[in-house]
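Right, one structure below, let's go through it.
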Protein chains: 2
Amino acid sequence: MDGSGWRPVKRTRTFEDVLAQIERRITEDGLTAGDRLPAERQLAEQLGVSRSSVREAMRVLETLGVVSSQAGRGPDAGAVLTSRPDSALTDLLRLHLGLAGLEMREVIGTRQMIEQWAAAQAAGARADTSALAAALAGMDAAGSAEEFVEHDTAFHCAIADASGNRLIAAIMRSLRDSMRIYSVEAVRRLGDTSILRADHVRILAAIERGAADEAVAAVSEHLAHAYPSLFT
Amino acid sequence: MDGSGWRPVKRTRTFEDVLAQIERRITEDGLTAGDRLPAERQLAEQLGVSRSSVREAMRVLETLGVVSSQAGRGPDAGAVLTSRPDSALTDLLRLHLGLAGLEMREVIGTRQMIEQWAAAQAAGARADTSALAAALAGMDAAGSAEEFVEHDTAFHCAIADASGNRLIAAIMRSLRDSMRIYSVEAVRRLGDTSILRADHVRILAAIERGAADEAVAAVSEHLAHAYPSLFT
DNA sequence: GACCACAGTATGGTCAGACCATATCGAACC
DNA sequence: GGTTCGATATGGTCTGACCATACTGTGGTC
């Protein structure tokens, strides 16, 4: 088999063609979140393919957080374009962690990078800190490790939100999601959460008075407190 | 319809059940990249669902870079587990940029964060810089803006690789992929690439002699040179 | 006129079965 | 021993049907 001079008639799968067509429509027609895609049967007829292929393309788009499907009838039914990368990133991290293609060490390292950067940005921009304060209050009222981690996550995601970069905020939320069980375990092992709370107060204060360097240092020390085993 | 006391019989779609089952197998059986999943027809029979549902689940897993399907017969055929998050992240970024759910400003901001962090890590770890040097040589031989960006991308991805964090390296590659056209345009507008090349030499030197602060500064200035419009 | 019950209908979700394309395996043949 | 070619296992696609869901419109009731 020399393979010379022969070109395969079909290189892409049908559902990939459908994906390309839908993507083309999005860019050419300037579709944005909230717009509706044609119904599956209609799209299949327009593109001259079976409904199965359209459906497989829809699964891909749904997985990537680009469309949201809803059965039934009416304005909200059908495939609606959205822009929610969060769950896609969360699924991606969870599965690759499960496959050992990624280690928790790397996830936490990424989180550390983001958090230091975001804290500096938030401090530099004198960002709104009301969400941070609310999360801090929630931590005080937390009755279990799960609840504590819940509000702790909200606090740290609020820092990422305050950076003003939606991509970084989305990555941050996904990282925290995939770390949740690990974080709960870390909190349980730690026992006393007062140190963590004090760290948060210090981070919040640094951001509020626009001290970027202090915010970065506070975040860095906080992570060392929360995950001592990774910083030895 | 008061809805009290009634529980929906079915909350999840069939293919989501399939996904959960496959994920369970991965974690419980400790499957890793390279292992094979049962054939679609076989899986459908085992789980008591139709092949379509299995296929939709496969599409999701393939989209997330967790399986790779290959027709035919033999050891390499069928659905093989992999761990390639790169194309998933690239697709995600491209589509969300197209939907205006993300702006190039945010992508470049994320790149800046990663690059500074990775340069510091690489310098601190005295990482191997042979890949960096090779990319630098490629840039000198580049005859077009596309080619230049190609090797420029390789250089910057090599920095991320040198950080030793696969997640960050994967994000970096995806960011660069989704920026490619934008980068080519920026290089064309710039005309003279000697400044960029000099920046690279400086970054490489800083990493080689383990000067983290200098490496961060060099990266920061480099990005300001490459995308002046974003740093005014 | 306002309200409500119900049939109609458009949508996604699932299934069954068929056929095609591809790639290996294996037996028959030279 | 090598080659050829059919058998077979796998993913890819199509068709057509049916179910579940949720709005829409119609008609009746008050």
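By convention in this document, chain letters (A, B, ...) are assigned in the order of the sequence lines, proteins followed by strands, and residues within each chain are numbered from 1. Atoms considered below: every heavy atom in the structure, side chains included; atoms not considered: hydrogens, waters and symmetry mates. All values derive from a computational prediction rather than experimental measurement.
- If you check D/dG11, C/dT11, C/dG13 against the side chain of A/S69, the one that comes closest is C/dG13.
- Between the base of D/dG11 and the side chain of A/R13 there is no donor-acceptor pair shorter than 3.5 Å.
- Phosphate proximity of D/dT13 to A/T14: present, with a side-chain N or O under 4.0 Å from OP1 or OP2.
- With hydrogens and angles ignored, no donor-acceptor pair closer than 3.5 Å exists between the side chain of B/R73 and the base of D/dT10.
- A/G72 comes within contact range of at least one nucleobase, with a heavy-atom separation under 4.0 Å.
- Screening B/E56, B/E62, B/E16 for a salt bridge (Lys or Arg N to Asp or Glu O under 4.0 Å) with A/R59, the sole residue that qualifies is B/E56.
- Classification of the A/H200-A/F155 ring pair by plane angle, with boundaries at 30° and 60°, yields parallel.
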- prompt: Given the rule in the side-chain contact (heavy atoms from CB on, under 4.5 Å) test, do B/L89 and B/L175 qualify, once you have shown the distances and angles that lead to the verdict?
  reply: CA-CA 8 Å; B/L89 286 169; B/L175 292 170; over 6 Å; no
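- Of the residues in residues 42-56 of chain A, those lying under 4.0 Å from DNA chain D by heavy-atom distance are A/V49, A/S50, A/R51, A/S52, A/S53.
- Side chains of A/D86 and A/S174: a donor-acceptor N/O pair is absent below 3.5 angstrom, by distance only.
- Within the 4.0 angstrom heavy-atom criterion, no nucleotide atom of any strand lies near B/A77.
- Here the side chain of B/R41 is nearest to one of C/dC19, D/dA22, C/dG13, namely C/dC19.
- With sequence neighbours excluded, no residue forms a salt bridge (charged side-chain N to carboxylate O under 4.0 Å, His left out) with A/D128.
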